[in-house]
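Here's the structure, in structure tokens; my notes come after.
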Amino acid sequence: MSNNIAIRIEKLGKRYRYGGPAAASYNLRQDLTDWVKGMFNGRKAVVSSQSSTLLHHTTLHEVQEKHLAESPDHFWALRDINLEIKQGEVVGIIGRNGAGKSTLLKILSRITPPTTGNITYHGRMASLLEVGTGFHRELTGRENIFLNGSILGMKRSEIAKKFDEIVAFAEVEKFIDTPVKFYSSGMYVRLAFAVAAHLEPEILVVDEVLAVGDAEFQKKCLGKMDDVAKQGRTILFVSHHLPSIEALTSQTVLLQSGRMRFYGETSRALEVYLQSAGKHTGEKLSDITTRTGAGRIRFSSFRMTDCDGHSLKEALTGQSLAIYLEFTSATPKQKTRARVGIAISSALHVPLFIASTEMTMSFPPFIGDGDTLVCRIPKLPLGGGAYKVVLFMECNGVVEDWIENEIILQVVDRDYFGFGKNSPNGWEGRTVLVDHAWELKQSSH
Amino acid sequence: MPTPTIISAERHERIRQFLRDLWDYRELFWTFVERDVKVRYKQTALGVIWVVLQPLFMMGAFSVIFGKIAKMPTDGMPLPLFYLAALVPWNTFATALSQSALSMESNAQLISKVYFPRIVVPGGIICGSFVDFAIGWTLLNGMAIWLGHWHWQLVAMTPILLLMQGATALGVGLVLSMLNAQYRDVKHAVGFVVQIFMLATPVIYPLSRLPLWAQHWIFLNPMAAVVTTYRGVLQNMPVDWRLVGLALVTALLYLVGGIWFFRRREIYLADIL
């Protein structure tokens, strides 16, 4: 094994049972009757399907291959993961909900064992699946620092050495001898994160802990993590928050339905991630009943692609985006001169911008049944969040179709301006992003 | 380069790895003990005085009900001393046992988020109960001196009896805690199990009231030996070494069995909790 590999994962798999692990085993009576029945049937293992949780030790090696084959009762949360992570690398882990991110972290943190394969790592590993694990409400801030630090694997002498630094980082000096139940939620989270941020393991595994706390504090934490990475420690970082993945990691693992879809440079991983979002062939609009207009011609579908034509379910901030609108008409052969528009509003129904053929097409389109109108937006000026899409169409002064409250545009946040922040705190998803630049002209006294 | 850590589906932790892990997490163990002891008396007006009051009240109630009204024999011991000698070890044992039986469930949040040898939690609870025991034991000594029944063997026998008490509580507690993680039925049964356990232990009656065959096998309940021995030394009677020896072996077997049962299942805890 080469010396600069920090973590090696081979053929890792984890299988769970549908309806929760060993669902039947929650019921003592059921287990007892199964067991008694099993004795009378002369079969040792009526409970064999549950044995994967409780009696796992007996189901190894030769039984394994057969036993672990596809079974309708089970599913693989993770399968065939092979990874080598170099020492000092900061690796992001992304994927949709249910892709296996949390399972991978739990196996790495030794909270749950793998079903197949193995992981080899060097040095001390600390995992941070949650901030403030083990905090006790009745205990003071001081006592909780020691409690939480020990739980996360720090030595007491180490905690004592860093105590003042932790307290200062959390900005809770005055309340350090107050029970944490009297803390505001902000103070609580800051204290919890401060302890975690002062861990110094060789390998740090971090789950979405940055989803807590105010933006200012999040930034401080990201900065702290960056420092840790610069000291040559290996970090695994799971997040839904793509801007922080982009800012912190060099390599990223993309998980999809329990398998590794991609492992490599972060920017490339994010592209693959967003393309993989689009298994979807387009949103059908024909079922929508809450629409107004004469209805002789109507929108039949709304879908998005990136600049290479890959379908998207979600758009990405700053992405080159194409919106495809398809039409149906009761009179198939007839084409009508139309005015078609797309209006985007914030989640709070504040209009943000309108794209309409009226302004940006040199002549009004003649539209008929089955036609598609494409609207291209070269650099999507929206930060992360959900937006409302309104579609409208008018022919010869008569509104034909108007869909107001049905279509949601999901945008995944990504750095738009190149400075790491898309909007002032509290303004996320409420503004349009417009390219601009600042310059300071200093007076020359 | 230090030896790598291997997480594997095929290889399970050997006993050496288990012991190394326990050693690595010894500080966490003490932290848990400290937490349990601190939390117990936070925001109680009387604080640690409860540890003294509780056995005193029970001693008073038992003396009146079982001693005066039911006229239970005490083998010639003063009533308060007879009951206090049993209540001090029994109460700390019962509390430690029921707390450790529920410990996997009550620490589920922790267990599903961080790795540590899970045995640290019930182990910490048992150790924490020794703090209460020390206070009760001081009270017992005071009472014995006051009533003129004190004997140096009370001090000499305490370590071995405490070991029996702790080993039994941990051994049984480990099994119950793991069963409770899987079947929440256990939670409802724990209070009742502890009560039965008390009736099977000579707390309200002297050992001599049991039929001979039962006295012969009573070492299977190490707590019976603990209680009887405390009473015996306070009456200046020779220690029944057969009973103490067999009960000690039994207690250690319970402990080993409990650890074995617990270890087989602990890695799946996060999946079943």
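Proteins get letters first, then strands, A, B, ... in listed order; numbering begins at 1 in each. Note that these values count all heavy atoms, side chains included, but never hydrogens, waters or copies made by symmetry.
- Contact count versus chain A (heavy atoms, under 4.5 Å) is highest, among Val120(B), Asp24(B), Asn107(B), Leu110(B), for Leu110(B).
- Closest approach of Thr112(A) and Asp271(B) over heavy atoms only: OG1-OD1, 2.8 Å.
- For Arg124(A), the salt bridge (Lys or Arg N to Asp or Glu O under 4.0 Å) partners are Glu158(A), not counting sequence neighbours.
- Rounding to the nearest 0.5 Å gives a distance of 15.0 Å between CG of Leu152(A) and OH of Tyr115(B).
- Summarising the geometry of Lys106(A) relative to Ser112(B), their closest heavy-atom pair is CE-O, 3.8 Å, with the distance given to 0.1 Å.
- A donor-acceptor pair under 3.5 Å is absent between the side-chain atoms of Glu138(A) and the main chain of Val39(B), judged by distance alone.
- Residue contact with chain A, scored on non-hydrogen atoms closer than 4.5 Å, involves the backbone of Ile111(B) exclusively.
- Interface remark: Ser109(A) contributes backbone atoms only to the contact with chain B (heavy atom separation under 4.5 Å).
- Chain A forms more heavy-atom pairs under 4.5 Å with one residue of Arg118(B), Arg35(B), Lys38(B) than with any other, namely Lys38(B).
- Screening residues 248-267 of chain B for ring-ring contact (aromatic ring centres under 6.0 Å, His included), with sequence neighbours left out, gives no hits.
- Within the 4.5 angstrom heavy-atom criterion, no atom of Leu105(A) approaches chain B.
- Enclosure of atom NZ in Lys161(A) is not indicated, since only 12 or fewer non-hydrogen atoms of other residues, nucleotides or ligands lie within 6.0 angstrom.
- Minimum interatomic distance between Pro114(A) and Ile7(B) (heavy atoms only, all atoms of both residues): CD-CG2, 3.8 Å.
- Within the model, atoms CD1 of Ile111(A) and CD1 of Ile267(B) stand 13.5 Å from one another, a figure rounded to the nearest 0.5 Å.
- For Glu143(A), the part lying near chain B is the side chain, with the backbone staying farther off; criterion is any non-hydrogen pair under 4.5 Å.
- Interface remark: Met154(A) contributes backbone atoms only to the contact with chain B (heavy atom separation under 4.5 Å).
- When all heavy atoms are compared, the tightest approach of Glu34(B) to Arg156(A) is OE1-NH2, 3.0 Å.
- Only the side chain of Phe32(B) has a heavy atom closer than 4.5 Å to any heavy atom of chain A.
- Distance CD/Glu27(B) to CZ/Phe146(A): 10.5 Å, rounded to 0.5 Å.
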